[in-house]
2 protein chains.
Amino acid sequence: MEPNRADTSGMTQTRHQRRYGRTRQRIIKAARAVFAERGMSGIAIDQITERADVGRGSFYYHFGSIDKLVQAIVDSIIDELVERMERECADKTELQDVLEALIVAHIRYFDDRWQDFVLYYQGRAELTLAMPFEGIESPFLRYMKVIERLVGGAAGELAVDEQKLQRIACSLAGFISGYYSFARIAPVGDNLEAELLPIRASFVRSLVRFAGTESSANKK
Amino acid sequence: MEPNRADTSGMTQTRHQRRYGRTRQRIIKAARAVFAERGMSGIAIDQITERADVGRGSFYYHFGSIDKLVQAIVDSIIDELVERMERECADKTELQDVLEALIVAHIRYFDDRWQDFVLYYQGRAELTLAMPFEGIESPFLRYMKVIERLVGGAAGELAVDEQKLQRIACSLAGFISGYYSFARIAPVGDNLEAELLPIRASFVRSLVRFAGTESSANKK
DNA sequence: GACGAATTCGACAATATTGTCAAGTCTTTT
DNA sequence: AAAAGACTTGACAATATTGTCGAATTCGTC
């Protein structure tokens, strides 16, 4: 009765488990598409199961509620994005390089994946509401923490304090997603990476300078 | 039968027209609150009319459809924001000052008005979808144009080309709203304006530098 | 004060959505 | 090959939402 968690240890997957995983993935894939097309709120279960070509009951068997599904999706998006950030930053040690790499990670990740950007953005938008989908907040916090850690790691002897790190993270994530979203409405060109290059460079420099600033006077 | 457009010429309002306006405003006000709480998609008409303490029929009488209502709301938000930007920029002539003023306009406008920020953000999020609410796009384009005009006006002899102006506008609007939204999740402090000051300054400088850059090599 | 226009109202039928469940299919175990 | 377990299914009853419409109310005008 209780859903069998898919075997993560790789080898010993029984046929049941494979089938379980397949259906689950079908649902997730369909949901990603539907959400990216019409948003997360106000989506009927049927729209998802029908697109996944799966019985209505299966949805409830696997997820039990919309929130769980949204949670799984946002989680995986953030996982992928985080993984990408880690990878791009792996060999960077200079603060400036890390900041560059972080932006590049976002651009590369979202490039040719407008759908995933929409999910990311819709998720963020959800967070502004009074009652967002359950469990959506923590992946985003995790994401912010990763940025802070990567930036903090490269800040080296600058010893940037926690608060400053947070601001840098907000700026960085905010800037890149904000730019991306606007660039889409007012199409400036088709190669976002090339297009962003000069302004990105300026932006990074401004963050570096900010990091170097004396601990800001926020004891108003 | 056809709704009477409220008298905009100020003086000659008949009682009917006033009543018309009152109800209309009640609905809009309630909708703003509901939207800011639960998002724009997936809201039932009843949730709005009940909050407005108005009959269900009145909603259809005034707006006819959700899209029209959303349109009216987004329109007025953008109007207010644009008005604020114009005001803040009124006496500025230097590029740097104008950029500063634009950011300040946003901060001041949204300060203590989280609800309106949510509406603005939800509206933006809608735009990422395949089928956003009808008529939501144009106010946002108008908004971008205003930024471009204000920035372009102050760029003076730099003669920043159209494309560059667009990028600056995307950066500016993206940065401020992105930062704002993240700052809310990972609360850094309570005085956003003071808090943003140093990083804002850096950001503005980076935009100024970008504006001065030789027309970027985007002939890839 | 009565007639028509403007505005408001909420009941109504039509439709959509939800979550459950008993029954069916496939797989593993004994 | 039978029994038990895992997974899937779609029908179902309950509930929610929609857009309409005729009646009620308010208002301006004659």
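These numbers come from the heavy atoms of this one structure, side chains and all, not from hydrogens, waters or symmetry mates. What you are looking at is a predicted structure, and each value in this text was computed from that prediction instead of being measured. Note on naming: letters A, B, ... go to the chains in the order of the sequence lines (proteins, then strands), and numbering restarts at 1 for each one.
The side chain of B:Tyr61 contributes no N or O atom lying less than 4.0 Å from OP1 or OP2 of C:dT8. One finds a side-chain N or O of B:Tyr60 lying less than 4.0 angstrom from the OP1 or OP2 phosphate oxygen of D:dG19.
Atoms CZ (A:Phe63) and P (C:dT20) sit 16 Å apart, rounded to a whole Å. The separation between A:Glu50 atom CD and D:dG10 atom C1' is 13 Å, rounded to whole Å. With rounding to whole Å, A:Ile66 atom CD1 is found 7 Å from C:dT18 atom P. When rounded to the nearest whole Å, the span between CG of B:Asp67 and C1' of D:dG19 equals 14 Å. Here the P atom of nucleotide D:dT18 and the CZ atom of B:Phe59 are 9 Å apart, to the nearest Å. Distance B:Arg18 CZ to C:dT7 C1': 15 Å, rounded to the nearest Å. For the pair A:Leu69 CG and C:dT18 C1', the interatomic distance rounds to 16 Å; values are reported in whole Å. Distance CG (B:Asp53) to P (C:dT7): 19 Å, rounded to an integer number of Å.
Of all nucleotides listed (D:dT17, C:dT18, D:dT26), D:dT26 comes nearest to the side chain of B:Arg19. Checking D:dT8, D:dT9, C:dT18 against the side-chain heavy atoms of A:His62 singles out D:dT8 as nearest. Considering only the side chain of B:Thr14, D:dG28 comes nearest among D:dA11, D:dG28, D:dT18. Side-chain proximity of B:His16 to C:dA5, D:dT20, C:dT8: nearest is C:dA5. For B:Tyr20, the side-chain atoms get nearest to C:dT7 when compared with the rest of C:dT20, C:dT7, D:dG19.
With contacts defined as side-chain heavy-atom distances shorter than 4.5 Å, the pair A:Asp79/A:Arg142 qualifies. The side-chain heavy atoms of B:Val104 and B:Arg200, taken from C-beta on, include a pair separated by under 4.5 Å.
More than 12 heavy atoms of other residues, nucleotides or ligands sit less than 6.0 Å from atom CD of A:Glu86.
Nearest-nucleotide assignment on DNA chain D puts the 5′-proximal partner with B:Asp46, out of B:Arg15 and B:Asp46.
Under a cutoff of 6.0 Å and an axis angle of 45°, B:Arg24 and B:Tyr20 do not form a cation-pi pair. For the pair B:Arg124 and A:Phe182, the cation-pi criterion (under 6.0 Å, within 45° of the ring axis) is fulfilled.
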